[in-house]
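Data block below; observations after.
In what follows, chains carry the letters A, B, and so on, assigned in the order in which the sequence lines appear, proteins first and then strands, with residues in each chain numbered from 1.
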Protein chains: 2
Amino acid sequence: MKQGADLQSLVGYRVQRANLLMETDARAALADHDLSPAKMTALILIRDNPGCDQTALGRALSINRSSAMKLVNILADKGLVERRPGRDLRTNALMLLPEGARQLDAMLAAVRQSDARMTQRLGAEELKTLLALLARLGLSPTLEDDED
Amino acid sequence: MKQGADLQSLVGYRVQRANLLMETDARAALADHDLSPAKMTALILIRDNPGCDQTALGRALSINRSSAMKLVNILADKGLVERRPGRDLRTNALMLLPEGARQLDAMLAAVRQSDARMTQRLGAEELKTLLALLARLGLSPTLEDDED
DNA sequence: TATTGTTATACTCTATAACTATA
DNA sequence: TATAGTTATAGAGTATAACAATA
């Protein structure tokens, strides 16, 4: 199947293909844990931002409140995450439970292995370059938040 | 929202974020045409591989026969693509219709503009480097097909 | 008025399994 | 037996719109 210049010259197409490759392997690496890469990301965010609310979690994942709700439901049903009373009576404070921390450690090990495998053909310097270039995609200088 | 070392050090996570950024902008650029970036990709593949069958198209897009079927239905319903008798009595030969070619040209212009905007902070040399590094992600030397 | 969580609903994309016709 | 297309069905992931409680 020919993939001519129109496709190959689009950076977005190349990034999409690379993402599919990486995500598929990461998903397979997580198969034992019955969680997608995105759900693992959510666990990391909750662990590193204990007490955050669902809306903030959604923003960090680029999904809306309603979708974040469903995601937290799944993580809570599995006993990985807990909704505690938040700063408001409106707001939940999300906390990673011990079982969540235990499973997250195992998942991270598996995903790091996948990540290393998929990047094995790049040297340390090349990897740094790749990450730096990816970080410069997009419109603005992307002033990152570091608080919620 | 803190995004600590566990996330930032995963190449897969960085690629996923970059992809979301690029894809969202490309999707917005295509809003007038009522087609997703993936469907535009399908049109390009059909144009550049006239007479290809649905299964081959699916393989190129990394989706299965059944999903390729649905995709072609949508493109055919819109009058962009046609199913002609193929090399077998089992097989379709997919062809881009004139209206498909016309719309594809307009879509390509819009997506190229989006792509240029999202990569504006990278120089020509940096872009080449990015594409080269992305192409080396994955396990094997990725011997690309160029026939179907 | 604005925000958080919630619910109901729907849409997109993809997959599996089974069937038909053909090879 | 194997392959191409097709159909029915289901699941994941996301979104919108509305509502209640709270701010």
(request) Return the residues of residues 26-42 of chain B meeting this criterion: a heavy atom under 4.0 Å from some atom of DNA chain C. Order them by number, or give none. (result)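 Heavy-atom cutoff 4.0 Å gives B:S36, B:K39.
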
(message) Contact list please: residues 68-82 of chain A against DNA chain C, heavy atoms, distance less than 4.0 Å, in numerical order.
(response)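 Of all residues in residues 68-82 of chain A, the ones placing a heavy atom under 4.0 Å from DNA chain C are A:M69, A:K70.
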
Within [range] or reaching into it, pairs that qualify as salt bridge (Lys or Arg N to Asp or Glu O under 4.0 Å) - sequence neighbours excluded:
range	value
residues 103-115 of chain B	A:D6-B:R112
residues 65-78 of chain A	A:D34-A:K78
residues 90-99 of chain A	A:D88-A:R90, A:E99-A:R102

Check nucleotides 21-23 of chain C against the protein and report each pair of N or O atoms closer than 3.5 Å, with its distance, or say if there are none.
{"from": "C:dA23", "atom 1": "OP1", "to": "B:L89", "atom 2": "N", "distance (Å)": "3.1"}

(request) Report the end-to-end axis angle of the helix from C:dT1-D:dA23 to C:dA23-D:dT1; each axis comes from five terminal pairs, and the value is rounded to 10°. (result)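 Here the local axes at opposite ends form an angle of 0°.
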
(request) Quick one: list whatever passes side chain to side chain donor-acceptor pair (under 3.5 Å) with B:Q120, sequence neighbours left out. (result)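 Once residues adjacent in sequence are excluded, B:Q120 has no partner under the side chain to side chain donor-acceptor pair (under 3.5 Å) criterion.
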
(request) Apply side chain to side chain donor-acceptor pair (under 3.5 Å) to B:E23 and list each qualifying residue two or more places apart in sequence or on a separate chain. (result)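 Expected list: B:R27.
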
(message) Base, sugar-phosphate or nothing for A:S67? Non-hydrogen atoms, less than 4.0 Å.
(response)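 Touches a base.
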
(request) May I have all residue pairs that pass side chain to side chain donor-acceptor pair (under 3.5 Å) and include part of residues 11-22 of chain B, sequence neighbours excluded? (result)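 Output for this query lists A:S62-B:R17, B:Q3-B:Y13, B:Q8-B:R14.
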
(message) When you compare the side chains of B:R87 and B:N92, does any donor N or O come within less than 3.5 Å of an acceptor on the partner?
(response)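 There is no such pair between these side chains.
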
(request) Applying side-chain contact (heavy atoms from CB on, under 4.5 Å), name anything that partners A:A29, two or more places apart in sequence or on another chain. (result)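 Expected list: A:A110, A:S114.
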
(message) Any side-chain N or O of B:R83 below 4.0 angstrom from OP1/OP2 of D:dT6?
(response)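 For D:dT6, OP1/OP2 do have a side-chain N/O of B:R83 under 4.0 Å.
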
N/O donor to acceptor pairs below 3.5 angstrom from side-chain atoms of residues 127-137 of chain B, sequence neighbours left out:
{"from": "B:T129", "atom 1": "OG1", "to": "B:E125", "atom 2": "O", "distance (Å)": "2.9"}
{"from": "B:R136", "atom 1": "NH1", "to": "A:E126", "atom 2": "OE2", "distance (Å)": "2.8"}
{"from": "B:R136", "atom 1": "NH2", "to": "A:R121", "atom 2": "O", "distance (Å)": "2.5"}
{"from": "B:R136", "atom 1": "NH2", "to": "A:E126", "atom 2": "OE1", "distance (Å)": "3.3"}

